[in-house]
There are 2 protein chains.
Amino acid sequence: MDKKEKIIDTALKLFVENGFHGTATSKIAQEAGVANGTLFNYFKTKDELVVAIYISVKEDMADFLIKNIKDSDNFKDVMKSQFWASLFWALNNQMKFKFIQQFHTSPYVDKIEQEVTQSQVLPHLKLIQTGIDKGLIKKLPVDFIYSIISSQTFGVYQYIISKQFTKVQQHETVEQTFELLWDMIK
Amino acid sequence: MDKKEKIIDTALKLFVENGFHGTATSKIAQEAGVANGTLFNYFKTKDELVVAIYISVKEDMADFLIKNIKDSDNFKDVMKSQFWASLFWALNNQMKFKFIQQFHTSPYVDKIEQEVTQSQVLPHLKLIQTGIDKGLIKKLPVDFIYSIISSQTFGVYQYIISKQFTKVQQHETVEQTFELLWDMIK
DNA sequence: ATTTTGATTGACTAATCAGTCGCAAATATA
DNA sequence: TATATTTGCGACTGATTAGTCAATCAAAAT
């Protein structure tokens, strides 16, 4: 495995377990099986490492969502596929998902440029706009609807992991939540 | 002002601005206008301080919510008053609200006993249960509904502060969101 | 006036931190 | 094979950290 990748993976895990400042760079290097200085060959500073992980994780998620967008004429189905994909990714990449949450509620958020995040949100906003234009969902600000769907997704995620559900129960809950969500915005 | 209170207030501000580990105890003491050792007279460790702030902030919020629960026979009105109160508190105590978010997504969460949190959630769960029993809202697990309402509240909060709305616009948005929420669970 | 008490102080310490640097090893180029 | 370049190393440093503690203070109690 590539050393840079190994550092990112180890750091991700330790950051989620002990927090950003709670994790020493020396510990990351040690656990990743590289020398102290090697870490700084790849990332000039610790901050740069944190931000690099965030971008990497976000790309990972965005890639997954794009690949799993359902190509259908049925708008509801397309929305549903995105809702599903988001939750599927979150549940199968819990560490990465937790990292994103931790990052978003930390002072590090300010260190990232809006453009990076915006470009990943854009496809979703466009999808919602399409739904509004076709009169399939309520005429409300797109980013308001996006905000609601996002937080709903997060809410279900929290609920599911707190319950230690089986795959079947997870499936039912997600299905149920989407129907509620759809009733709300349609 | 009481020194302990002063330390808590200063630490809260600095923690939100620079993160938990990003804030040195010496800086807290300095900015609070007390000696280094005084902080440790009140809180044995830094961790104890963080947890103490969390409990204090949570109590503050819980007190506000209890005081603002509408005493009405109309169930929807009661629910609405709670939704309103939650958002009102969050928007008027942004630092405290941010602290809670940061705490919840940090490894510190594990240091707190469930009982503390559970007791504050209980009134809300009971309220939801009443609604279900009366057949006013859907027959779904109470904590599932609670989870959805909570995340919805958080979503609107995020949306509102990102838009730098006026009081009137805030009012409209909250009103609108509650109607959506009610349509979803009723 | 003297003693007791508890809060407050800030200099201090051992540990830990992010980041550096000169050198060695490995890899690529010729 | 010889040379050049990249990659990796880990001991090192100056700064900072959480937490300690003996000394000081003010005020109350005797």
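Proteins come first, then strands; the chains are lettered A, B, ... in the order of their sequence lines, and each starts at number 1.
At distances below 3.5 Å, not a single donor-acceptor pair connects side-chain atoms of B:Thr10 with backbone N or O atoms of B:Ile28. Here the side chain of A:Gln102 pairs a donor or acceptor atom with the backbone of A:Phe15 at under 3.5 angstrom.
Between B:Ile28 atom CD1 and D:dG19 atom C1' there is a gap of 13 Å when expressed in whole angstrom units. In this structure, the CD atom of B:Gln30 is 18 Å from the P atom of C:dT8, given to the nearest Å. Remark: P of C:dG19 and NE2 of A:His21 are 11 Å apart, rounded to the nearest angstrom. Nucleotide C:dT16 holds its P atom 14 Å from the CG atom of A:Asn18, rounded to whole Å. Rounded to whole Å, the distance from CG on A:Leu39 to C1' on D:dG10 is 13 Å. Atom P of nucleotide C:dT9 and atom CD1 of B:Ile7 are separated by 9 Å, given to the nearest angstrom. Rounded to whole Å, atom C1' of C:dA7 lies 12 Å from atom CG of B:Asp2. Between A:Lys4 atom NZ and D:dT6 atom C1' there is a gap of 15 Å when expressed in whole angstrom units.
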Take B:Phe20 and A:Phe20 through the ring pair (Phe, Tyr, Trp, His ring centres under 6.0 Å) test and state the conclusion after the steps.
-> CA-CA 9 Å; B:Phe20 298 126; A:Phe20 297 127; over 10 Å; no
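Counting heavy-atom neighbours within 6.0 Å of A:Phe165 CZ, excluding the residue itself, gives a total above 12.
Note on A:Phe43: nothing from the nucleic acid sits closer than 4.0 angstrom, heavy atoms only.
Remark: B:Lys3 is in phosphate contact with C:dT9, judged by side-chain N or O atoms under 4.0 Å from OP1 or OP2. Under 4.0 angstrom from either OP1 or OP2 of C:dT20 there lies no side-chain N or O belonging to A:Lys44. The phosphate of D:dT7 has neither OP1 nor OP2 within less than 4.0 Å of any side-chain N or O from A:Tyr42.
Comparing atom distances between the B:Phe40 side chain and each of C:dT8, D:dG19, D:dG8 picks out D:dG19 as nearest. Ranking C:dC17, C:dT8, D:dT17 by closeness to the B:Ser26 side chain, first place goes to D:dT17. Taking only side-chain atoms of A:Val34, from C-beta outward, the nucleotide of D:dC9, C:dG19, D:dT17 with the closest atom is D:dC9. Distances were taken from every side-chain heavy atom of B:Ala24 (C-beta onward) to each of C:dT8, C:dG19, D:dA18; the shortest belongs to D:dA18.
Counting distance only, with no hydrogens placed and no angle test, the side-chain atoms of B:Asn36 and the base atoms of C:dG10 include no donor-acceptor pair under 3.5 Å.
Between B:Phe75 and B:Trp182, the two ring planes are tilted [angle within 30° to 60°]. Ring pair A:His104/A:Tyr54 is perpendicular by interplanar angle, where above 60° counts as perpendicular and below 30° as parallel. By the 30° and 60° cut-offs, the orientation of the rings of B:Phe88 relative to B:Phe64 is parallel.
In terms of position along DNA chain C, the nucleotide closest to A:Gly22 lies nearer the 5' end than the nucleotide closest to the other residue of the pair A:Gly37 and A:Gly22.
Linking Ile, Leu, Val, Met, Phe, Trp and Tyr whenever their side-chain heavy atoms come within less than 4.5 Å leaves B:Ile53 and B:Val109 in two separate clusters.
Note on the helix from C:dA1-D:dT30 to C:dA30-D:dT1: angle between the axes of the first and last five pairs equals 0°, rounded to 10 degrees.
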